[in-house]
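For reference, positions follow the sequence shown, starting with 1. Quick note: numbers below take in every heavy atom, side chains included, and nothing from hydrogens, waters or symmetry partners.
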Amino acid sequence: TEKGVFFIHDHNIVRNINLNNGLNSNNCSKLVSYKNDLFIATNNGICQYNYATNSMNKIMESDGLASNNVLDIAIDNDTLYAGTDNGLSVIPLSSLTPRKTFSFFINPIVNQNDTIWDIKNNIRTRTNFKLSITLNAISLGVKGNVKYFYRINEKDTNYTSTADPLITLNFTKPGIYTLEAYSMDANDVKSIHALLNIYVVPYWWQTNLFKWCCFLLFALGIFVFYKLMIHRIRKREQAKNELANRISKLELDAWKSNINPHFLFNSFNTVQSLFSSEQFEKANEFIVNFSYILRKTIDNSGKLMIKISDEIKYVENYLELEQVKKNNHLTFHVRTTDSEIENYFIPSLLLQPIIENCLKHGIRQFKYGHIGIDFSRHEDTLICTVLDNGNGLQPTLKPAGYVSKGLQLVYDKIRIVENITKQTVLFTLATKYDTDQNCIGTIATFIFPIVEKDEYDLGGS
């Protein structure tokens with residue numbers, strides 16, 4: 001039935017051997033049972049099946065058959081007689097050996113332009129070289145085409161089959177690869193496996209050392225670029241700060257040019273008043289003290305910051321001068337909560353315009369006036385208050401947004417200080433009330449950051 005050989009016992013099929021499990025062909029013409037073997041004649045040679053081991057051996061033209069197309073067989077006295085379409089073949093059974101495999105080797109190998117004939121287990125090549133390999137199988141004269149199978153173990157899972165013994169391999173990455181190959185003849189008998197170790201040697205630019213050097217150079221380049229950018233940004237910021245400081249210096253000079261005439265104008269009015277009232281001695285005393293205050297005003301107006309001890313001395317001298325103008329009807333006090341505060345720095349001449357406002361507006365209508373100046377520290381800030389005993393802030397008929405000359409000088413100086421120091425100075429001006437909500441004067445409050453040394457050199461006064 002061209003479906004192989006069936007073993008039947010008690011009308012039941014107990015076994016079937018066919019092409020799928022080792023039979024030469026499903027087209028069987030004759031069966032002969034001899035000793036422990038069953039000899040099966042097919043159109044593709046003779047199959048020798050062993051009952052005990054359930055194994056099969058193929059008898060082909062290479063074993064002595066005149067042709068693989070066997071029409072009839074007989075066995076007598078350990079001799080196999082096979083009638084084929086090419087005559088009778090007589091084969092002693094003792095000469096039959098089971099065919100398990102056959103020889104297979106890789107030779108020659110063409111590596112780029114070099115041809116290697118010696119059979120080797122390993123070869124060295126480069127990533128840009130083409131490797132041409134010839135596969136050779138010695139199949140003992142079996143007729144029919146031989147199929148070749150090969151794979152690179154590190155890259156391939158399955159074998160690639162080809163009828164052409166010449167194959168070409170390319171490797172794009174350095175490393176160690178193993179070529180495994182074998183062949184199969186027309187009788188589906190496998191050859192031995194051949195292994196070839198292929199060492200793909202990297203060029204110097206493909207080595208790990210070179211890659212690490214590139215990485216380090218790249219990282220160094222990023223680092224240098226980062227440093228250059230930081231330096232450039234800092235240089236730009238420095239130039240910006242220098243420009244801002246130059247602008248602030250010009251603003252400070254403009255501020256100085258405003259405060260000096262403001263002070264001079266008020267002082268000369270006092271001198272004129274003393275001479276007009278023929279108080280010549282007081283006028284002379286005032287002029288002497290005035291010259292000292294004027295010199296200190298000019299010196300301090302060119303500074304951004306001044307030590308509190310120097311500011312206290314200046315304010316005391318200034319108020320003593322004002323006492324002369326008030327016929328000693330003016331009293332004052334300057335206090336600090338501890339001596340350490342006197343070593344801190346505050347913006348220069350920031351209190352003078354406030355004190356002048358106290359004298360001009362706060363206590364002007366009062367016969368006896370008092371001005372109190374207090375310095376205290378609260379956490380990381382320094383608080384300074386200037387309090388007079390006048391009648392507080394009064395409604396004004398001035399246009400909306402109007403600020404007196406003295407207060408404008410204070411606001412301008414605060415703005416200059418904040419631009420240069422990048423720190424905030426808070427200033428408030430309000431009416432002071434007692435516990436019964438009675439007005440007891442005007443209080444000006446400054447909140448300064450703690451500055452322990454003058455680090456702001458604006459290039460001279």
Nearest-0.5 Å distance, [atom1] of residue [X] to [atom2] of residue [Y]:
X	Y	atom1	atom2	answer
Phe171	Lys130	CZ	NZ	14.0 Å
Ile116	Ser132	CD1	OG	11.5 Å
Tyr314	Leu319	OH	CG	10.0 Å
Leu179	Leu195	CG	CG	8.0 Å
His193	Tyr182	NE2	OH	6.0 Å
Asn343	Lys453	CG	NZ	14.0 Å

Just checking, is any N or O donor in the side chain of [X] or [Y] under 3.5 Å from an acceptor N or O on the other one?
X	Y	value
Ser55	Asn50	no
Asn16	Asn18	yes
Ser183	Ser191	yes
Tyr318	Glu356	yes
Lys413	Ser348	yes

Should [X] and [Y] count as side-chain neighbours, where that means a heavy-atom distance under 4.5 Å?
X	Y	value
Glu342	Ile312	yes
Ile306	Phe345	no
Val386	Ile443	no
Thr134	Asn107	no
Thr442	Lys432	no
Phe332	Val334	yes

Step through the shown structure and confirm whether more than 12 heavy atoms of other residues, nucleotides or ligands are within 6.0 Å of [atom1] on [X].
X	atom1	result
Glu154	CD	yes
Asp380	CG	no
Arg234	CZ	no

Are [X] and [Y] close enough that their ring centers fall under 6.0 Å?
X	Y	value
Tyr159	Tyr150	no
Phe446	Phe427	yes
Phe375	Tyr344	no

Test item: [X] side-chain N/O and [Y] main-chain N/O as donor-acceptor pair under 3.5 Å:
X	Y	answer
Arg377	Ile341	no
Asn357	Lys360	no
His370	Thr331	yes
Glu418	Val425	yes
Asn317	Lys313	yes
Arg415	Val417	no
Glu2	Asn27	no
Asn122	Ile198	no
Arg335	Ile373	no

Check: Run the side chain to side chain contact (heavy atoms under 4.5 Å, CB included) check on Ile371 and Leu359 step by step: do they pass?
Finding: CA-CA 9 Å; Ile371 296 176; Leu359 296 170; 3.8 Å; yes

Next item on the list: Please state whether the rings of Trp205 and Tyr203 are parallel, tilted or perpendicular, taking 30° and 60° as the class boundaries.
Entry: parallel

Notebook entry, point to check: Going through the checks in order, is the side chain to side chain contact (heavy atoms under 4.5 Å, CB included) test met by Cys439 and Tyr433?
Noted result: CA-CA 5 Å; Cys439 174; Tyr433 297 93; 4.3 Å; yes

Item checked: Step-by-step side-chain hydrogen bond (donor to acceptor under 3.5 Å, both in side chains) determination, Tyr49 to Asn54 -> CA-CA 7 Å; Tyr49 173 75; Asn54 192 32; 2.5 Å; yes

Checklist line | Nearest atoms (heavy-atom pairs only) where Ile363 meets Gly369 | finding: CD1-CA, 3.9 Å

